[in-house]
> 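I have a structure here, written as C-alpha cells, and I will follow up with some questions on it.
Computed from a prediction, not measured in an experiment: that's the story for all the values here. Remember, it's 1-based here, ligands and their atoms both numbered in the order they're listed.
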Amino acid sequence: MTTQQDLQNDATERLARREWPATPIRRQIAVSFEFFPPASPTATRNLFECAEQLDRFQPRFMSVTYGAGGTNQSRTRNAVADLSLRTRAPIAGHLTAVGASKAAVRDVIDGYVNEGVRHIVALRGDTTDEVGPHPDGFVDAADLVKGIRHQVDDPSFEISVACYPEVHPLAESAEADLDNLKKKIDAGATRAITQFFFDTDSFLRFVERARKAGIDVPIVPGIMPVTNFARIRSFSERCGATIPAWMPELFGDLDGAPEIRQLVAATVAAEQCRRLAEHGVDTFHFYTMNQPALTASTCHILGVRSTEHETHGDQSSDARSASSPTDKQEERAS
Ligand code: FAD
C-alpha cells in the first residue's frame, strides 16, 4: 500500500529532478488576484477571508469574474461592492458581452462606476447552448471596450482584456487572434491578461509576436496554481492550454494527497514565475480559485512580502494608512 510518506518521498524526488532557475529574482514583482463570485453565505465568508489575506500582498488590483449569460451577475456585482469596502486594493469588475443587450450591459457599467470601480475586465464571454450573441448586444470584446470608453468619460479608467498565448480555441488562426487583440487595444484597452498556460515558452513567443504586431500595453501572464490537477486538466482541454508531459508525472497521483500537492503546486507556480521573471516579466495575475494559500506561498517565494496590516477585525485607527478598507467605507458613506 502506498502511504502518504511514500507519496511525499516520491514527490520530493520528482521535484529534485527538475531543473531550477539559476538566478535569484532581482526585480520588484507586482501582482493581481482574480476571484469568482461566491454562491452561498459560507462561500462569501471564504471569499472575504481569501481577499483579506491576499490584500496584504498589496496587489495592483483584485478582480471578480462575471458569469456570461446571466448565471451569477448579481453575485459579481455584490462581491465587487463588498470587496471594495473590505480591501485596500482597487477592485476590478469583469464584464461579458454575450447574451445581453447593450442597454443591459450599460446598466452594469453604470452600477460599477457608481460603486467606485475604476477598472473593468472586458470580455466577450463564452457562447453556450443557452447563451448566444444578443441581437442588440456588443458583438465581441473589442466592441465592448469601445462601448465602455464611450460611456465612461475618464481616460484614467482602466480596461483589461483577455489574450491567448496558445490561441483561443475558436479563433480562425493565431494571426486572426492577435489581430483581434490589437483591435481591443486600439479600442482603448490598457492591459492584456493571458489565459493560464503551463508551457512558459508559448507565453514568451506570444509576447514577441504581440510586440512585433505593435501591441505595446502590458501583457500580464495569468498564473494558475494547481489547486486540483483533474480540474485543471479539464479546464485546459476546454480553453486550449497545453498540459506538458511533466505535469501528469508530477501531479497525477497527488489529488488524493492535498497537502503534498499544495507544496508541489506552490513550487511549480513559483518556478514558472521565476522563469518568466528571468525574461523580464515583473507583473503576474493569479487565478486564485478563491483559495489563498497557494497564491500566497507563490507570492512569498517570488519575494512579494505580506504586510501584516490590520484586517476588519483589527482596525486601530492610528495604524491605518491613507487608503485602508475603513477609509474606503467612509469615502463611500460621505
Ligand atoms: P474576444 O476578444 O471577442 O475573442 C477572442 C478570440 O476568440 C478571437 O480570436 C475570436 O475570434 C475568438 N472567438 C471567441 N468567441 C468566438 C465565437 N463564438 N466564434 C468564433 N470565434 C470566437 N469568461 C467569463 O464568462 N467571465 C469572466 O469573468 C471571464 N474572465 C476572463 C478573464 C481572463 C483574463 C481570460 C483570459 C478569460 C476570461 N473569460 C471569462 C473567458 C472568455 O470569456 C472566453 O475566453 C471567451 O471565449 C472569449 O472572450 P474574449 O473576451 O477573449 O473574446
Side-chain angles (χ1 to χ4, degrees), residues 31-38 60-77 79-80 91-100 105 108 112 117 119-134 137-148 158-197 202-203 206 209-210 213 215 217-224 235-241 283-290:
V31 291
S32 55
F33 304 123
E34 182 172 310
F35 308 114
F36 56 83
R60 289 264 168 90
F61 66 91
M62 303 202 269
S63 72
V64 184
T65 60
Y66 192 86
T71 48
N72 56 9
Q73 298 171 348
S74 59
R75 282 193 237 139
T76 298
R77 292 172 64 176
V80 165
I91 304 297
H94 290 219
L95 179 59
T96 58
V98 293
V105 170
V108 180
Y112 277 155
V117 168
H119 179 179
I120 287 177
V121 182
L123 305 137
R124 174 194 183 117
D126 285 317
T127 46
T128 61
D129 290 346
E130 293 85 41
V131 183
H134 191 283
F138 292 103
V139 292
D140 57 16
D143 197 24
L144 176 58
V145 172
K146 224 181 286 169
I148 298 169
E158 289 192 69
I159 304 178
S160 295
V161 290
C163 63
Y164 303 88
E166 298 184 88
V167 184
H168 188 282
L170 294 177
E172 277 169 24
S173 64
E175 288 66 37
D177 208 23
L178 200 58
D179 287 349
N180 179 64
L181 175 59
K182 179 89 168 58
K183 248 173 65 187
K184 296 194 273 193
I185 306 306
D186 291 347
T190 48
R191 172 193 294 99
I193 303 173
T194 76
Q195 183 58 278
F196 70 85
F197 57 90
S202 72
F203 172 85
F206 174 74
R209 291 177 47 239
I215 293 166
V217 299
I219 300 176
V220 181
I223 303 297
M224 174 78 93
F235 284 164
S236 301
E237 266 167 31
R238 275 183 275 146
C239 75
T283 309
F284 298 92
H285 181 77
F286 286 89
Y287 296 106
T288 70
M289 308 303 287
N290 294 12

> Under 4.0 Å from any heavy atom of Thr127, which atoms of ligand 1 are there?
18 (N)

> Would you say CZ of Arg191 has more than 12 non-hydrogen atoms from neighbouring residues, nucleotides or ligands within 6.0 angstrom?
yes

> Taking only heavy atoms of Thr96 into account, list the atoms of ligand 1 that are under 4.0 Å away from them.
24 (C), 25 (O), 26 (N)

> Would you say Gly125 touches ligand 1, if touching means a heavy atom closer than 4.0 Å?
yes

> Is there any N or O on Lys184 that sits under 3.5 Å from an N or O of ligand 1?
yes

> Of the protein's non-hydrogen atoms, which lies at the shortest distance from atom 36 (C) of ligand 1, and what is that distance?
Ala162 CB, 3.4 Å

> Donor-acceptor pair, Thr190 side chain versus Ile159 backbone, under 3.5 Å?
yes

> For atom 6 (C) of ligand 1, find the nearest protein heavy atom and state the residue, atom name and distance (0.1 Å precision).
Asp177 OD1, 3.3 Å

> Please report the interatomic distance OG1(Thr288) to CD1(Ile223), rounded to the nearest 0.5 Å.
13.5 Å

> State whether the side chain of Thr194 and the backbone N or O of Phe196 hold a donor-acceptor pair below 3.5 Å, judged by distance alone.
no

> Show, in sequence, the C-alpha distance, side-chain angles and deciding distance for His285 and Ser63, and conclude whether the side chain to side chain contact (heavy atoms under 4.5 Å, CB included) test is met.
CA-CA 10 Å; His285 181 77; Ser63 72; 3.8 Å; yes

> I'd like to check whether Thr65 has a polar contact with ligand 1, where a contact means an N/O of the residue lying under 3.5 Å from an N/O of the ligand.
no

> I'd like to know whether ligand 1 has Tyr164 as a neighbour, heavy-atom separation below 4.0 Å.
yes

> Less than 4.0 angstrom from a charged side-chain N to a carboxylate O is my criterion; do Asp140 and Lys183 meet it?
yes

> Heavy atom to atom 12 (C) of ligand 1, shortest distance: which of Gln195, His94, His168, Glu175 holds it?
His168

> Report the member of Tyr66, Phe36, Phe196 with the shortest heavy-atom distance to atom 27 (C) of ligand 1.
Tyr66

> Does Ile91 form a side chain to side chain contact (heavy atoms under 4.5 Å, CB included) with Met62? I'd like the steps, not just the answer.
CA-CA 5 Å; Ile91 304 297; Met62 303 202 269; 4.0 Å; yes

> Regarding His94 and Thr65, is there a side-chain donor-to-acceptor distance under 3.5 Å anywhere?
no

> Look at atom 5 (C) of ligand 1 and say which protein heavy atom is nearest, naming residue and atom and giving the distance to 0.1 Å.
Asn180 ND2, 3.4 Å

> To check your reading of the model: name the closest protein heavy atom to atom 40 (C) of ligand 1, its residue, and the distance in Å.
Leu123 CD1, 3.9 Å

> Check step by step if side chain to side chain contact (heavy atoms under 4.5 Å, CB included) holds for Leu181 and Val161.
CA-CA 8 Å; Leu181 175 59; Val161 290; 4.0 Å; yes

> Show the atoms of ligand 1 that are less than 4.0 angstrom away from any heavy atom in Tyr287.
33 (C), 34 (C), 36 (C)

> Any side-chain to backbone donor/acceptor pair from Lys184 onto Ala162? Under 3.5 Å, distance only.
yes

> Looking at atom 21 (N) of ligand 1, what's its closest protein heavy atom, distance included?
Leu170 O, 3.4 Å

> Does ligand 1 have an atom that lies less than 4.0 angstrom from a heavy atom of Phe138?
no

> Give me the nearest non-hydrogen protein atom to atom 3 (O) of ligand 1 as residue plus atom name, then the distance to 0.1 Å.
Ala141 N, 3.0 Å

> Who's the nearest protein heavy-atom neighbour of atom 11 (O) of ligand 1, and how far?
Ala171 CA, 4.4 Å

> When you measure from atom 53 (O) of ligand 1 to every protein heavy atom, which one gives the shortest distance, and what is it?
Arg124 CB, 3.1 Å

> Report the C-alpha separation of Phe138 and Ile148 in whole Å, then their side-chain angles, then the decisive distance to 0.1 Å, and conclude whether the side chain to side chain contact (heavy atoms under 4.5 Å, CB included) test is met.
CA-CA 11 Å; Phe138 292 103; Ile148 298 169; over 6 Å; no

